[in-house]
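The structure appears below as structure tokens.
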There are 2 protein chains.
Amino acid sequence: MLDDMGLSIGQVAERTGLSVHALRFYEKEGILARQVQRGPGGRRVYTQQDIDWLRMCIMLRMSGMPVPEIRRYTELVRQGDGNELQRLDILKEHQERVQQQMVQLQECMDLITYKVGKYQDYVNSIAAKAVGQ
Amino acid sequence: MLDDMGLSIGQVAERTGLSVHALRFYEKEGILARQVQRGPGGRRVYTQQDIDWLRMCIMLRMSGMPVPEIRRYTELVRQGDGNELQRLDILKEHQERVQQQMVQLQECMDLITYKVGKYQDYVNSIAAKAVGQ
DNA sequence: GCTTGACCTAGAGTCGGCTCTACTTCGTAG
DNA sequence: CTACGAAGTAGAGCCGACTCTAGGTCAAGC
């Protein structure tokens, strides 16, 4: 174990649900807001801030933002103040896509629910017949 | 052009938004409810029913059902009456997954909306300052 | 002093879902 | 008759996002 501010890659994996492989992959892909510190033996030492950032990245990924776009966003954040408008653009664009995704998903859900209803009725009617015999 | 009940693969591609490649791929994967008919020269001839089925498959795919599971469902339908309970199970399970997906997506949306709001405020405040100068 | 386990790197492999290539066969238009 | 376009087949290739392998370092415990 490391001191209370420093977490090993294994601990971060536990806390975020990502695999250690994925964590190294994300770092290589440049989607960590700050350079990960290294401890003795070249081991990665993560902070709570890294975890917070990762959790946001996980949200972005879950909602379908591709890794390269997360990288672009990360780079803006790394560059510091002055590019908030660009960050906002990326987020708004993604928001739009997520919105569309949700609409689509709802349409699918409606169809599935309709079919489930139909099959349920049918199955029930068969069961009723069997009982009524 | 074929007579009014028969559609070529190109026409089906247009009508469904799938590529002709995807249509052949779907057929090879066994996710067409009925064997596609063949016309002169071995060309595929689709019916309106095929299109309807494809549209449903598209919905299932869009909502994340993997091809092998669509195939399982398709096989049940092809087998005909008597397995409605199994079909219902597949649909219900998928419904559950879609439901979870929607919840997750909503969570992501909430975070994104929160961030967009924050950045918007910030950007507005900068703009206001610039005007006020 | 040897094993174990968590970590390191570089790079190869996997998986799903198409997408594309190469080559052939038609039917129609010029 | 030649060319074109749309179709056919079999199978290779691609892309994204991991995931895993091989081979190595190092500290702690037996």
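Order of the sequence lines fixes the chain letters, A, B, ..., with proteins taken first and strands second; residue numbering starts at 1 for each chain.
The nearest whole Å value for the distance from the CD atom in B:Glu69 to the P atom in C:dG16 is 13 Å. In this structure, A:Arg38 atom CZ and D:dT25 atom P are separated by 17 Å, rounded to whole Å. The distance from atom CD of A:Glu27 to atom C1' of C:dT9 is 12 Å, rounded to the nearest whole Å. Regarding B:Met65, its CE atom lies at a distance of 11 Å from the P atom of C:dG17, rounded to whole Å. Atom CG in A:Leu54 sits roughly 12 Å away from atom P in D:dC18 (whole-Å rounding). For the pair B:Ile70 CD1 and C:dC18 P, the computed distance is 8 Å after rounding to whole Å. In this structure, A:Glu29 atom CD and D:dA17 atom P are separated by 9 Å, rounded to whole Å. One can place CG of B:Leu23 at 11 Å from P of C:dT19, the figure rounded to the nearest angstrom.
In this pair, B:Tyr73 and B:Trp53 present their aromatic rings parallel. The plane angle is below 30°, not in the 30 to 60° band.
For B:His21, counting side-chain heavy atoms from C-beta on, the closest listed nucleotide (C:dT9, C:dT21, D:dA17) is C:dT21. Counting only heavy atoms from C-beta on, A:Phe25 has its side chain closest to D:dT19 among C:dT9, C:dC7, D:dT19. Which of D:dT21, D:dG8, C:dC18 sits closest to the side chain of B:Arg44 comes down to D:dG8. Counting only heavy atoms from C-beta on, B:Ala22 has its side chain closest to C:dC18 among C:dG17, C:dC18, D:dG11.
For the pair B:Arg24 and A:Pro68, nearest-nucleotide mapping onto DNA chain D gives the more 5' position to B:Arg24. Residue-to-nucleotide proximity on DNA chain C shows that, of B:Arg43 and B:Pro66, the 5′-proximal contact is made by B:Pro66.
Note on A:Arg61: only backbone sugar-phosphate atoms sit closer than 4.0 angstrom, heavy atoms only; bases stay farther off. No contact: B:Gly41 has no heavy atom under 4.0 Å from any strand.
Salt bridge present: B:Arg38 and B:Glu27 bring a charged side-chain N and a carboxylate O closer than 4.0 Å. Using a 4.0 Å cut-off between charged side-chain N and carboxylate O, A:Arg97 and A:Glu69 make a salt bridge.
Put simply, A:Tyr26 has a side-chain N or O that comes within less than 4.0 Å of OP1 or OP2 on D:dC18. In this structure, A:Ser8 does not reach the C:dA6 phosphate: none of its side-chain N or O atoms is under 4.0 Å from OP1 or OP2.
Side chains of A:Lys115 and B:Gln95: no donor on one and acceptor on the other come within 3.5 Å. Residues A:Thr47 and A:Asp50 bring a donor and an acceptor atom of their side chains to less than 3.5 Å of each other.
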